[in-house]
Amino acid sequence: MSTALDATHDPALRSWVVSANEPGCDFPIQNLPFGRMRVGDEPWRIGVAIGDQVLDLRLAAGAGALPEAVSGLLVPLAAGDLNAFMALGPAARAALRRALSAALAAGSEAQGRLSSCLVPQARVQLGVACEIGDYTDFYVGIHHATAVGKLFRPDNPLLPNYKWVPIGYHGRSSTILPSGRDFVRPSGQVKAADAEAPVLRPTARLDFELEMGIVIGGANALGEPVPIERAEDHVFGLTLFNDWSARDVQAWEYQPLGPFLSKNFASTISPWVVTLEALAPFRRAFTRPAGDPQPLPYLHCEADAAAGAFDVQLEVWLSTARMRQQGLGAHCISRSNFADAAYWTVAQMVAHHTVGGCALRPGDLFGSGTLSGPRPDQAGSLLELSQGGKQPIELPGGEQRRFLEDGDEVSFRGVCERPGAVRIGFGACTARVLPAASR
Ligand code: CA
(Lines give C-alpha, C1' and ligand atoms only; values in the text may rest on other atoms or scores of the structure.)
Protein backbone atom coordinates (compact mmCIF):
# COMPACT_ATOMS: atom_id res chain seq x y z
CA MET A 1 0.00 0.00 0.00
CA SER A 2 1.22 3.50 -0.84
CA THR A 3 1.14 4.84 2.69
CA ALA A 4 4.85 5.62 3.13
CA LEU A 5 5.84 9.27 3.33
CA ASP A 6 9.00 10.59 1.70
CA ALA A 7 10.61 13.89 0.72
CA THR A 8 7.77 14.59 -1.78
CA HIS A 9 5.35 14.97 1.16
CA ASP A 10 7.57 17.34 3.16
CA PRO A 11 5.23 20.15 4.29
CA ALA A 12 8.14 22.61 4.08
CA LEU A 13 8.63 21.90 0.37
CA ARG A 14 7.89 24.89 -1.91
CA SER A 15 7.85 25.20 -5.69
CA TRP A 16 9.40 27.77 -8.00
CA VAL A 17 5.92 27.84 -9.57
CA VAL A 18 4.78 30.61 -7.23
CA SER A 19 1.02 29.96 -7.50
CA ALA A 20 1.56 26.42 -6.15
CA ASN A 21 2.60 27.87 -2.79
CA GLU A 22 -0.55 29.88 -2.18
CA PRO A 23 -2.74 28.70 0.71
CA GLY A 24 -5.89 26.99 -0.51
CA CYS A 25 -4.34 25.95 -3.82
CA ASP A 26 -5.57 22.51 -4.95
CA PHE A 27 -2.27 21.73 -6.67
CA PRO A 28 0.74 22.38 -4.41
CA ILE A 29 3.98 20.53 -5.16
CA GLN A 30 2.87 17.79 -2.74
CA ASN A 31 -0.04 16.83 -5.09
CA LEU A 32 1.18 16.50 -8.74
CA PRO A 33 -1.97 14.91 -10.28
CA PHE A 34 -2.10 13.71 -13.90
CA GLY A 35 -4.54 14.92 -16.55
CA ARG A 36 -5.03 15.22 -20.30
CA MET A 37 -5.13 18.66 -21.87
CA ARG A 38 -4.87 20.51 -25.13
CA VAL A 39 -4.60 24.05 -26.37
CA GLY A 40 -6.97 24.86 -29.20
CA ASP A 41 -7.01 22.09 -31.81
CA GLU A 42 -3.62 20.67 -30.90
CA PRO A 43 -3.36 16.95 -30.06
CA TRP A 44 -4.16 15.89 -26.50
CA ARG A 45 -1.18 15.82 -24.17
CA ILE A 46 -0.57 14.49 -20.68
CA GLY A 47 0.20 17.09 -18.06
CA VAL A 48 0.74 17.43 -14.33
CA ALA A 49 -1.07 20.21 -12.47
CA ILE A 50 1.14 22.55 -10.44
CA GLY A 51 -0.41 25.71 -8.99
CA ASP A 52 -2.43 27.43 -11.72
CA GLN A 53 -0.22 25.86 -14.41
CA VAL A 54 0.08 22.51 -16.17
CA LEU A 55 3.48 20.96 -16.78
CA ASP A 56 3.29 19.63 -20.35
CA LEU A 57 5.07 16.26 -20.16
CA ARG A 58 5.75 16.11 -23.90
CA LEU A 59 7.62 19.40 -23.69
CA ALA A 60 9.26 18.34 -20.42
CA ALA A 61 10.55 15.12 -22.02
CA GLY A 62 11.90 17.11 -24.95
CA ALA A 63 13.56 19.68 -22.69
CA GLY A 64 15.69 17.02 -21.02
CA ALA A 65 15.18 18.64 -17.65
CA LEU A 66 14.36 15.42 -15.81
CA PRO A 67 16.92 12.78 -14.79
CA GLU A 68 17.97 10.14 -17.33
CA ALA A 69 16.64 7.45 -14.94
CA VAL A 70 13.02 8.47 -15.64
CA SER A 71 13.35 9.16 -19.38
CA GLY A 72 11.85 5.75 -20.17
CA LEU A 73 8.82 6.55 -18.02
CA LEU A 74 8.28 9.75 -19.97
CA VAL A 75 8.01 7.98 -23.34
CA PRO A 76 4.33 6.96 -23.06
CA LEU A 77 3.47 10.24 -21.35
CA ALA A 78 5.14 12.31 -24.09
CA ALA A 79 3.08 10.31 -26.58
CA GLY A 80 -0.13 11.30 -24.75
CA ASP A 81 -0.81 7.76 -23.49
CA LEU A 82 -1.55 7.86 -19.76
CA ASN A 83 -2.89 4.28 -19.84
CA ALA A 84 0.52 2.90 -20.87
CA PHE A 85 2.17 4.78 -18.02
CA MET A 86 -0.48 3.64 -15.54
CA ALA A 87 0.20 0.02 -16.56
CA LEU A 88 3.80 0.37 -15.29
CA GLY A 89 2.57 0.25 -11.69
CA PRO A 90 3.27 2.03 -8.41
CA ALA A 91 7.10 1.86 -8.38
CA ALA A 92 7.33 3.67 -11.73
CA ARG A 93 4.73 6.20 -10.62
CA ALA A 94 6.57 6.90 -7.37
CA ALA A 95 9.91 7.27 -9.22
CA LEU A 96 8.45 9.87 -11.59
CA ARG A 97 6.81 11.66 -8.67
CA ARG A 98 10.19 12.01 -6.91
CA ALA A 99 11.79 13.32 -10.10
CA LEU A 100 8.98 15.83 -10.78
CA SER A 101 8.98 16.96 -7.15
CA ALA A 102 12.73 17.61 -7.20
CA ALA A 103 12.57 19.41 -10.55
CA LEU A 104 9.65 21.64 -9.53
CA ALA A 105 11.03 22.41 -6.05
CA ALA A 106 12.22 25.90 -5.27
CA GLY A 107 15.93 26.20 -6.04
CA SER A 108 15.96 23.34 -8.60
CA GLU A 109 18.44 23.64 -11.45
CA ALA A 110 15.68 22.33 -13.76
CA GLN A 111 13.68 25.58 -13.47
CA GLY A 112 15.37 27.20 -16.45
CA ARG A 113 14.45 24.40 -18.85
CA LEU A 114 11.07 23.47 -17.32
CA SER A 115 9.59 26.95 -17.03
CA SER A 116 8.98 27.01 -20.79
CA CYS A 117 7.08 23.68 -20.47
CA LEU A 118 4.32 25.24 -18.34
CA VAL A 119 0.93 26.15 -19.78
CA PRO A 120 -1.57 28.23 -17.76
CA GLN A 121 -4.58 26.11 -16.79
CA ALA A 122 -6.79 28.97 -17.93
CA ARG A 123 -5.55 28.42 -21.48
CA VAL A 124 -6.10 24.66 -21.77
CA GLN A 125 -9.06 22.42 -22.37
CA LEU A 126 -9.08 19.49 -19.94
CA GLY A 127 -10.39 16.11 -21.06
CA VAL A 128 -10.91 12.75 -19.38
CA ALA A 129 -7.43 11.89 -18.10
CA CYS A 130 -7.16 8.46 -19.72
CA GLU A 131 -8.98 6.11 -22.05
CA ILE A 132 -11.58 4.53 -19.79
CA GLY A 133 -12.13 0.89 -20.61
CA ASP A 134 -14.71 -0.81 -18.42
CA TYR A 135 -16.66 1.11 -15.82
CA THR A 136 -18.14 -0.42 -12.67
CA ASP A 137 -20.28 1.47 -10.20
CA PHE A 138 -20.15 0.26 -6.61
CA TYR A 139 -22.58 1.09 -3.81
CA VAL A 140 -20.26 1.39 -0.81
CA GLY A 141 -21.93 4.44 0.77
CA ILE A 142 -23.80 2.78 3.63
CA HIS A 143 -25.69 5.91 4.74
CA HIS A 144 -26.88 6.41 1.15
CA ALA A 145 -27.88 2.75 0.82
CA THR A 146 -29.78 2.97 4.11
CA ALA A 147 -31.52 6.28 3.32
CA VAL A 148 -32.56 5.19 -0.18
CA GLY A 149 -33.58 1.77 1.09
CA LYS A 150 -35.83 3.49 3.67
CA LEU A 151 -37.68 5.32 0.89
CA PHE A 152 -38.59 1.97 -0.69
CA ARG A 153 -38.60 -0.39 2.32
CA PRO A 154 -39.14 1.53 5.58
CA ASP A 155 -38.93 -1.61 7.75
CA ASN A 156 -35.96 -3.21 6.01
CA PRO A 157 -33.78 -0.50 4.46
CA LEU A 158 -30.51 -2.41 4.11
CA LEU A 159 -30.74 -5.68 2.21
CA PRO A 160 -29.14 -8.69 3.98
CA ASN A 161 -26.19 -9.00 1.56
CA TYR A 162 -24.98 -5.41 2.05
CA LYS A 163 -22.57 -6.04 4.93
CA TRP A 164 -21.09 -9.11 3.22
CA VAL A 165 -20.76 -8.16 -0.46
CA PRO A 166 -19.40 -4.91 -1.95
CA ILE A 167 -22.45 -4.33 -4.17
CA GLY A 168 -21.91 -3.02 -7.69
CA TYR A 169 -23.02 -3.21 -11.31
CA HIS A 170 -21.27 -2.91 -14.65
CA GLY A 171 -21.88 0.46 -16.31
CA ARG A 172 -20.89 2.11 -19.57
CA SER A 173 -17.72 4.07 -20.24
CA SER A 174 -19.00 5.70 -23.45
CA THR A 175 -21.03 8.30 -21.60
CA ILE A 176 -18.36 9.37 -19.09
CA LEU A 177 -17.78 13.07 -19.80
CA PRO A 178 -15.03 15.45 -18.76
CA SER A 179 -15.84 18.15 -16.25
CA GLY A 180 -17.28 21.19 -17.99
CA ARG A 181 -19.16 19.22 -20.67
CA ASP A 182 -22.87 20.00 -20.29
CA PHE A 183 -25.45 17.32 -21.04
CA VAL A 184 -29.04 17.11 -22.24
CA ARG A 185 -31.83 16.08 -19.87
CA PRO A 186 -32.57 12.49 -20.90
CA SER A 187 -35.93 11.02 -21.78
CA GLY A 188 -36.99 7.58 -20.68
CA GLN A 189 -39.87 5.34 -19.72
CA VAL A 190 -41.67 6.67 -16.67
CA LYS A 191 -44.74 5.17 -15.03
CA ALA A 192 -46.81 7.05 -12.49
CA ALA A 193 -48.03 4.92 -9.58
CA ASP A 194 -51.67 5.38 -10.58
CA ALA A 195 -51.12 4.99 -14.33
CA GLU A 196 -51.84 1.80 -16.21
CA ALA A 197 -48.98 2.18 -18.65
CA PRO A 198 -45.66 4.03 -18.81
CA VAL A 199 -44.94 6.98 -21.10
CA LEU A 200 -41.74 8.18 -22.75
CA ARG A 201 -40.88 11.65 -21.51
CA PRO A 202 -37.99 13.79 -20.26
CA THR A 203 -37.06 12.82 -16.71
CA ALA A 204 -38.71 15.00 -14.06
CA ARG A 205 -36.49 13.65 -11.27
CA LEU A 206 -32.97 14.36 -12.47
CA ASP A 207 -30.39 13.95 -9.72
CA PHE A 208 -26.65 13.94 -9.03
CA GLU A 209 -24.68 11.33 -7.11
CA LEU A 210 -21.59 12.41 -5.15
CA GLU A 211 -18.97 9.72 -5.76
CA MET A 212 -15.24 9.15 -5.93
CA GLY A 213 -13.78 7.65 -9.11
CA ILE A 214 -11.12 4.96 -8.66
CA VAL A 215 -8.79 4.70 -11.66
CA ILE A 216 -7.23 1.26 -12.20
CA GLY A 217 -3.54 1.18 -13.15
CA GLY A 218 -1.92 -2.24 -13.41
CA ALA A 219 -3.80 -5.14 -15.00
CA ASN A 220 -4.40 -8.61 -13.59
CA ALA A 221 -4.56 -11.68 -15.77
CA LEU A 222 -7.90 -13.31 -16.53
CA GLY A 223 -8.56 -16.00 -13.96
CA GLU A 224 -6.09 -14.58 -11.41
CA PRO A 225 -7.81 -12.85 -8.50
CA VAL A 226 -5.94 -9.94 -6.92
CA PRO A 227 -5.26 -10.69 -3.23
CA ILE A 228 -6.31 -7.84 -0.97
CA GLU A 229 -2.73 -7.41 0.25
CA ARG A 230 -1.74 -6.37 -3.29
CA ALA A 231 -5.02 -4.76 -4.36
CA GLU A 232 -3.81 -1.16 -4.19
CA ASP A 233 -0.88 -2.01 -6.49
CA HIS A 234 -3.56 -2.09 -9.19
CA VAL A 235 -4.94 1.38 -8.39
CA PHE A 236 -3.48 4.49 -10.01
CA GLY A 237 -5.41 7.18 -8.16
CA LEU A 238 -8.70 8.85 -7.33
CA THR A 239 -10.96 11.46 -8.95
CA LEU A 240 -14.31 13.05 -8.22
CA PHE A 241 -17.22 11.46 -10.05
CA ASN A 242 -20.85 12.49 -10.61
CA ASP A 243 -23.13 9.60 -11.57
CA TRP A 244 -26.12 11.62 -12.85
CA SER A 245 -29.34 9.68 -12.32
CA ALA A 246 -32.93 9.85 -13.59
CA ARG A 247 -34.86 8.72 -10.51
CA ASP A 248 -38.27 8.29 -12.18
CA VAL A 249 -36.76 6.16 -14.94
CA GLN A 250 -34.77 4.24 -12.32
CA ALA A 251 -37.83 3.48 -10.18
CA TRP A 252 -39.65 1.85 -13.12
CA GLU A 253 -36.75 -0.04 -14.70
CA TYR A 254 -34.53 -1.16 -11.82
CA GLN A 255 -36.12 -4.47 -10.97
CA PRO A 256 -34.95 -7.19 -11.37
CA LEU A 257 -31.50 -6.37 -12.83
CA GLY A 258 -30.67 -2.92 -11.44
CA PRO A 259 -30.09 0.49 -13.06
CA PHE A 260 -29.97 0.71 -16.85
CA LEU A 261 -30.97 3.80 -18.88
CA SER A 262 -31.44 5.85 -15.70
CA LYS A 263 -27.63 5.95 -15.38
CA ASN A 264 -26.21 5.69 -18.89
CA PHE A 265 -26.85 9.16 -20.35
CA ALA A 266 -24.03 11.07 -18.61
CA SER A 267 -21.48 10.74 -15.83
CA THR A 268 -18.99 13.52 -15.13
CA ILE A 269 -15.40 12.90 -14.03
CA SER A 270 -12.95 15.48 -12.68
CA PRO A 271 -9.93 16.08 -14.94
CA TRP A 272 -7.08 15.35 -12.52
CA VAL A 273 -6.21 11.90 -11.17
CA VAL A 274 -4.72 12.32 -7.71
CA THR A 275 -2.26 9.47 -7.21
CA LEU A 276 -2.20 7.12 -4.22
CA GLU A 277 1.24 8.55 -3.36
CA ALA A 278 -0.20 12.07 -3.07
CA LEU A 279 -2.96 10.69 -0.85
CA ALA A 280 -0.56 8.86 1.49
CA PRO A 281 -0.70 11.48 4.29
CA PHE A 282 -4.49 11.31 4.34
CA ARG A 283 -5.09 7.64 5.13
CA ARG A 284 -7.23 6.51 8.04
CA ALA A 285 -7.94 3.27 9.81
CA PHE A 286 -10.97 1.45 8.47
CA THR A 287 -13.26 0.08 11.12
CA ARG A 288 -16.67 -1.47 11.24
CA PRO A 289 -19.21 -0.85 13.96
CA ALA A 290 -19.12 -3.41 16.79
CA GLY A 291 -21.58 -6.18 16.12
CA ASP A 292 -21.35 -5.93 12.32
CA PRO A 293 -20.18 -9.07 10.51
CA GLN A 294 -16.45 -9.16 9.85
CA PRO A 295 -15.50 -9.39 6.17
CA LEU A 296 -14.71 -12.79 4.69
CA PRO A 297 -10.95 -13.52 4.69
CA TYR A 298 -10.42 -12.52 1.03
CA LEU A 299 -11.75 -9.04 1.94
CA HIS A 300 -9.55 -8.50 4.98
CA CYS A 301 -5.89 -7.75 5.66
CA GLU A 302 -4.19 -5.91 8.51
CA ALA A 303 -2.73 -3.15 6.33
CA ASP A 304 -6.14 -2.36 4.85
CA ALA A 305 -7.77 -2.28 8.29
CA ALA A 306 -4.98 -0.01 9.56
CA ALA A 307 -5.05 2.55 6.72
CA GLY A 308 -7.61 1.51 4.10
CA ALA A 309 -9.76 4.64 4.26
CA PHE A 310 -9.09 7.94 2.44
CA ASP A 311 -9.88 11.15 4.32
CA VAL A 312 -11.30 13.22 1.44
CA GLN A 313 -13.65 16.07 2.38
CA LEU A 314 -16.36 16.42 -0.23
CA GLU A 315 -18.70 19.29 -1.10
CA VAL A 316 -21.65 19.71 -3.47
CA TRP A 317 -22.29 23.18 -4.91
CA LEU A 318 -25.41 24.12 -6.86
CA SER A 319 -25.95 27.15 -9.07
CA THR A 320 -29.22 27.77 -10.91
CA ALA A 321 -29.82 29.88 -14.02
CA ARG A 322 -31.77 32.41 -11.95
CA MET A 323 -29.07 32.61 -9.28
CA ARG A 324 -26.51 33.40 -11.97
CA GLN A 325 -28.85 36.05 -13.47
CA GLN A 326 -29.16 37.60 -10.02
CA GLY A 327 -25.40 37.59 -9.59
CA LEU A 328 -25.55 35.03 -6.78
CA GLY A 329 -22.66 32.60 -6.40
CA ALA A 330 -23.03 28.84 -6.20
CA HIS A 331 -24.50 27.51 -2.95
CA CYS A 332 -23.05 24.58 -0.97
CA ILE A 333 -25.90 22.10 -0.45
CA SER A 334 -24.00 19.21 1.15
CA ARG A 335 -20.71 18.26 2.81
CA SER A 336 -19.49 14.72 3.31
CA ASN A 337 -16.29 12.68 3.62
CA PHE A 338 -15.20 9.55 1.71
CA ALA A 339 -13.86 7.93 4.90
CA ASP A 340 -17.07 8.48 6.90
CA ALA A 341 -19.38 7.42 4.08
CA ALA A 342 -17.85 4.22 2.75
CA TYR A 343 -18.53 0.76 4.19
CA TRP A 344 -15.92 -0.91 1.95
CA THR A 345 -12.37 0.18 1.10
CA VAL A 346 -10.82 0.67 -2.34
CA ALA A 347 -8.69 -2.45 -1.75
CA GLN A 348 -11.81 -4.47 -0.87
CA MET A 349 -13.49 -3.27 -4.09
CA VAL A 350 -10.51 -4.47 -6.17
CA ALA A 351 -10.23 -7.78 -4.32
CA HIS A 352 -13.95 -8.45 -4.67
CA HIS A 353 -14.16 -7.38 -8.32
CA THR A 354 -11.44 -9.87 -9.28
CA VAL A 355 -12.21 -12.76 -6.90
CA GLY A 356 -14.00 -14.73 -9.61
CA GLY A 357 -11.17 -14.12 -12.08
CA CYS A 358 -12.37 -10.91 -13.75
CA ALA A 359 -9.48 -9.16 -15.54
CA LEU A 360 -9.02 -5.46 -14.79
CA ARG A 361 -7.16 -3.33 -17.32
CA PRO A 362 -5.32 0.00 -17.11
CA GLY A 363 -7.89 2.76 -17.40
CA ASP A 364 -10.80 0.81 -15.95
CA LEU A 365 -12.86 2.97 -13.64
CA PHE A 366 -14.78 2.22 -10.46
CA GLY A 367 -17.39 4.60 -9.09
CA SER A 368 -17.57 4.34 -5.30
CA GLY A 369 -21.32 4.75 -5.05
CA THR A 370 -22.99 7.77 -3.50
CA LEU A 371 -21.00 9.04 -0.51
CA SER A 372 -23.58 10.40 1.90
CA GLY A 373 -22.45 11.16 5.42
CA PRO A 374 -24.33 9.90 8.48
CA ARG A 375 -26.42 13.09 8.92
CA PRO A 376 -29.32 14.02 6.58
CA ASP A 377 -27.63 17.32 5.57
CA GLN A 378 -24.56 15.33 4.47
CA ALA A 379 -26.50 13.49 1.76
CA GLY A 380 -24.82 12.96 -1.60
CA SER A 381 -27.99 13.14 -3.73
CA LEU A 382 -31.11 15.29 -4.01
CA LEU A 383 -33.20 12.13 -3.59
CA GLU A 384 -31.97 12.07 0.00
CA LEU A 385 -31.72 15.84 0.60
CA SER A 386 -35.37 16.28 -0.49
CA GLN A 387 -36.54 13.02 1.14
CA GLY A 388 -37.68 11.50 -2.11
CA GLY A 389 -38.97 14.85 -3.44
CA LYS A 390 -41.22 15.49 -0.41
CA GLN A 391 -39.18 18.24 1.25
CA PRO A 392 -37.58 20.78 -1.11
CA ILE A 393 -34.27 22.40 -0.26
CA GLU A 394 -34.11 26.20 -0.08
CA LEU A 395 -31.68 28.16 -2.22
CA PRO A 396 -30.42 31.77 -2.05
CA GLY A 397 -32.70 34.03 -4.07
CA GLY A 398 -35.84 32.20 -2.91
CA GLU A 399 -35.81 29.18 -5.21
CA GLN A 400 -36.45 25.61 -4.08
CA ARG A 401 -35.26 22.30 -5.50
CA ARG A 402 -36.58 18.79 -5.20
CA PHE A 403 -34.69 17.63 -8.28
CA LEU A 404 -32.52 19.38 -10.89
CA GLU A 405 -34.01 21.86 -13.35
CA ASP A 406 -32.70 22.97 -16.73
CA GLY A 407 -29.79 25.37 -16.37
CA ASP A 408 -28.77 23.97 -12.97
CA GLU A 409 -25.05 23.48 -12.57
CA VAL A 410 -23.65 21.01 -10.03
CA SER A 411 -20.03 21.19 -8.97
CA PHE A 412 -18.19 18.84 -6.61
CA ARG A 413 -15.09 19.78 -4.67
CA GLY A 414 -12.75 17.42 -2.84
CA VAL A 415 -9.88 18.32 -0.53
CA CYS A 416 -7.57 16.48 1.87
CA GLU A 417 -6.16 18.31 4.85
CA ARG A 418 -4.76 17.44 8.24
CA PRO A 419 -2.25 18.98 10.64
CA GLY A 420 1.33 18.40 9.55
CA ALA A 421 0.51 17.95 5.86
CA VAL A 422 -0.02 20.37 2.99
CA ARG A 423 -3.62 20.50 1.84
CA ILE A 424 -4.26 19.02 -1.61
CA GLY A 425 -7.38 19.19 -3.79
CA PHE A 426 -8.98 17.40 -6.71
CA GLY A 427 -10.08 20.39 -8.82
CA ALA A 428 -13.69 20.74 -9.90
CA CYS A 429 -16.15 18.18 -11.23
CA THR A 430 -18.78 20.37 -12.86
CA ALA A 431 -21.55 20.17 -15.46
CA ARG A 432 -24.80 21.91 -16.35
CA VAL A 433 -28.19 20.46 -17.30
CA LEU A 434 -29.40 21.44 -20.79
CA PRO A 435 -33.09 21.25 -21.78
CA ALA A 436 -34.40 17.97 -23.14
CA ALA A 437 -34.12 17.50 -26.90
CA SER A 438 -37.41 18.28 -28.65
CA ARG A 439 -38.90 15.39 -30.55
CA1 CA B 1 -24.07 5.56 -8.54
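Counting starts at 1 for both ligands and their atoms, in listed order.
- Using cut-offs of 30° and 60° on the angle between ring planes, the pair Tyr162 and Tyr343 is tilted.
- For the Ca ion (ligand 1), the neighbouring protein N/O/S atoms at less than 3.0 Å, given as residue and atom, are Asp137 OD2, Glu209 OE1, Glu211 OE2, Asp243 OD2.
- In this structure, a donor-acceptor pair under 3.5 Å is present between the side chains of His352 and Tyr298.
- Screening residues 210-245 for ring pair (Phe, Tyr, Trp, His ring centres under 6.0 Å), with sequence neighbours left out, gives Phe34-Phe236, Tyr135-Phe241, Phe183-Trp244.
- When only modelled atom types and interatomic distance are considered, Ser262 and Glu253 share a side-chain donor-acceptor pair under 3.5 Å.
- Shown here are the salt bridge (Lys or Arg N to Asp or Glu O under 4.0 Å) partners of Glu196, two or more places apart in sequence or in another chain: there are none.
- Looking at residues two or more places apart in sequence or on another chain, you find no salt bridge (Lys or Arg N to Asp or Glu O under 4.0 Å) involving Lys150.
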